[in-house]
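Below, chain A is the first sequence line, B the second, and so on; all start at residue 1. Predicted, not measured: the structure shown is a model, and the values here were computed from it.
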Amino acid sequence: MREVARDLVGATFLVDGVGGVIVETEAYGPDDPASHSFRGPTRRNATMFGPPGGLYVYHSYGIHWCANVVCHEEGVGAAVLLRALEPTSGLRRMRVRRGLDDAPLLCSGPGRLTEALGITGEHDGLRLDRSPFELVPAGPHVDIVAGPRVGITRAGDLPWRYSLRGSIFVSRPRPRV
DNA sequence: GGTATGATTGACT
DNA sequence: GTCAATCATACCA
């Protein structure tokens, strides 16, 4: 799933026509203490064990939604967290949903991203290759920076955060350039 | 049934 | 830099 995480950087992701270019992702896999799938299937993470190419959405801190792309590693649940994107389409709707004007603040963080795109728990388990989603692969020349993942309490040393080098749209703890 | 915790964010010192 | 908000989920009894 680290490969998927890298491939997603630079891809264009839209929900109902609203979205942009993915600039930051994180990989969560099997044998990964920080992954929701680590302790086996539960009600929340069931989607992670479902078909690859689905969207895994969960509620975080009782406040935010976080969106992941499901992928499998040897049949075990794995996913890629979408952390940030560069807004390119539907800026107006994003600004209304976020209550902000500043473009770099619209989607620079997993909770912000889902709010701007209108992703909620109702999207959990849906397939990404169907409406309202659109996922356009990145071009061949994507300059990626790898670094430690953000906000986790276990396995914090694994460099499974990937971001677009130099992008101002990545989330707060800026990756080392 | 009860409690601890978190893949975050925004406000405040 | 520090800290509270806020609640679904997971885990334990």
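- Between A:R39 and C:dC11, a side-chain N or O to OP1/OP2 separation shorter than 4.0 Å is present.
- Residues forming a salt bridge (Lys or Arg N to Asp or Glu O under 4.0 Å) with A:D7 (at least two apart in sequence, or on another chain): none.
- Judged by distance alone, the side chain of A:R2 and the main-chain N or O of A:A27 form no donor-acceptor pair under 3.5 Å.
- Here the P atom of nucleotide B:dA11 and the CG atom of A:L100 are 9 Å apart, to the nearest Å.
- Taking atom CG of A:L105 as the reference point, atom P of B:dG10 lies 8 Å away to the nearest angstrom.
- Taking side-chain N and O atoms only, A:R98 has a distance below 4.0 Å to OP1 or OP2 of B:dG10.
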Please list, one pair per line, the donor and acceptor atoms closer than 3.5 Å that link side chains of residues 92-100 of chain A to other protein atoms, with sequence neighbours excluded.
| unit_1 | atom_1 | unit_2 | atom_2 | d |
| --- | --- | --- | --- | --- |
| A:R93 | NH1 | A:D16 | OD2 | 3.4 |
| A:R95 | NE | A:D101 | O | 2.7 |
| A:R95 | NH2 | A:D101 | O | 3.2 |
| A:R97 | NH1 | A:A116 | O | 2.9 |
| A:R97 | NH1 | A:L117 | O | 3.4 |
| A:R98 | NE | A:L106 | O | 3.0 |
| A:R98 | NH1 | A:E115 | OE1 | 2.9 |
| A:R98 | NH2 | A:L105 | O | 2.9 |

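- Per the geometry, CG belonging to A:L113 stands 13 Å off C1' belonging to B:dA7, to the nearest Å.
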Dot-bracket encoding of pairs in DNA chain B, which uses [ ] for pseudoknotted crossings and | for another strand, Watson-Crick or G-U under 3.5 angstrom: ||||||.|||||.
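- Counting only residues at least two apart or on different chains, no ring-ring contact (aromatic ring centres under 6.0 Å, His included) pair has a member in residues 77-111 of chain A.
- In this structure, the side chain of A:D124 does not engage the main chain of A:G121 through any donor-acceptor pair within 3.5 Å.
- Applying the side-chain contact (heavy atoms from CB on, under 4.5 Å) test to A:D143 and every residue at least two apart in sequence or in another chain returns A:R165.
- An OP1 or OP2 oxygen of C:dT9 is reached within less than 4.0 angstrom by no side-chain nitrogen or oxygen of A:T42.
- Every pair tested for ring-ring contact (aromatic ring centres under 6.0 Å, His included) that includes a residue from residues 78-110 of chain A fails, sequence neighbours excluded, so the list is empty.
- Just one of A:S171, A:S167, A:S163 meets the side chain to side chain donor-acceptor pair (under 3.5 Å) condition when paired with A:E24; it is A:S171.
- The side chain of A:R154 contributes no N or O atom lying less than 4.0 Å from OP1 or OP2 of B:dG6.
- One interatomic measurement links the two molecules: CZ of A:R149 to P of B:dG6, which rounds to 14 Å at whole-angstrom precision.
- Sorted by first and then second residue, the ring-ring contact (aromatic ring centres under 6.0 Å, His included) pairs with a member in residues 109-135 of chain A read A:H123-A:F133; sequence neighbours excluded.
- The shortest distance between the side-chain N/O atoms of A:R112 and the OP1/OP2 oxygens of B:dG10 is below 4.0 Å.
- Residues in residues 8-28 of chain A take part in no ring-ring contact (aromatic ring centres under 6.0 Å, His included) pair, two or more places apart or across chains.
- Atom CG in A:L106 sits about 13 Å away from atom P in B:dT9, given to the nearest Å.
- Nucleic acid contact for A:T153: sugar-phosphate only, since backbone atoms but no base atoms lie under 4.0 Å from a heavy atom of the residue.
- Heavy-atom distances under 4.0 Å link DNA chain C to A:H59, A:Y61, A:G62, A:I63 of residues 49-70 of chain A, given in residue order.
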Show the atom names and distances, to 0.1 Å, of all donor-acceptor pairs under 3.5 Å that link a side chain in residues 51-62 of chain A to residues at least two apart or in another chain.
| unit_1 | atom_1 | unit_2 | atom_2 | d |
| --- | --- | --- | --- | --- |
| A:Y56 | OH | A:H36 | ND1 | 2.8 |
| A:H59 | ND1 | A:H64 | O | 3.1 |

Quick test: give all pairs of protein nitrogen or oxygen and nucleotides 2-4 of chain B nitrogen or oxygen below 3.5 Å, distance rounded to 0.1 Å.
none

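- Between the CE atom of A:M48 and the P atom of C:dA10 there is a distance of 12 Å, rounded to whole Å.
- Every residue meeting the side-chain contact (heavy atoms from CB on, under 4.5 Å) condition with A:L14, not counting sequence neighbours, appears here in chain and number order: A:T12, A:S89, A:E134.
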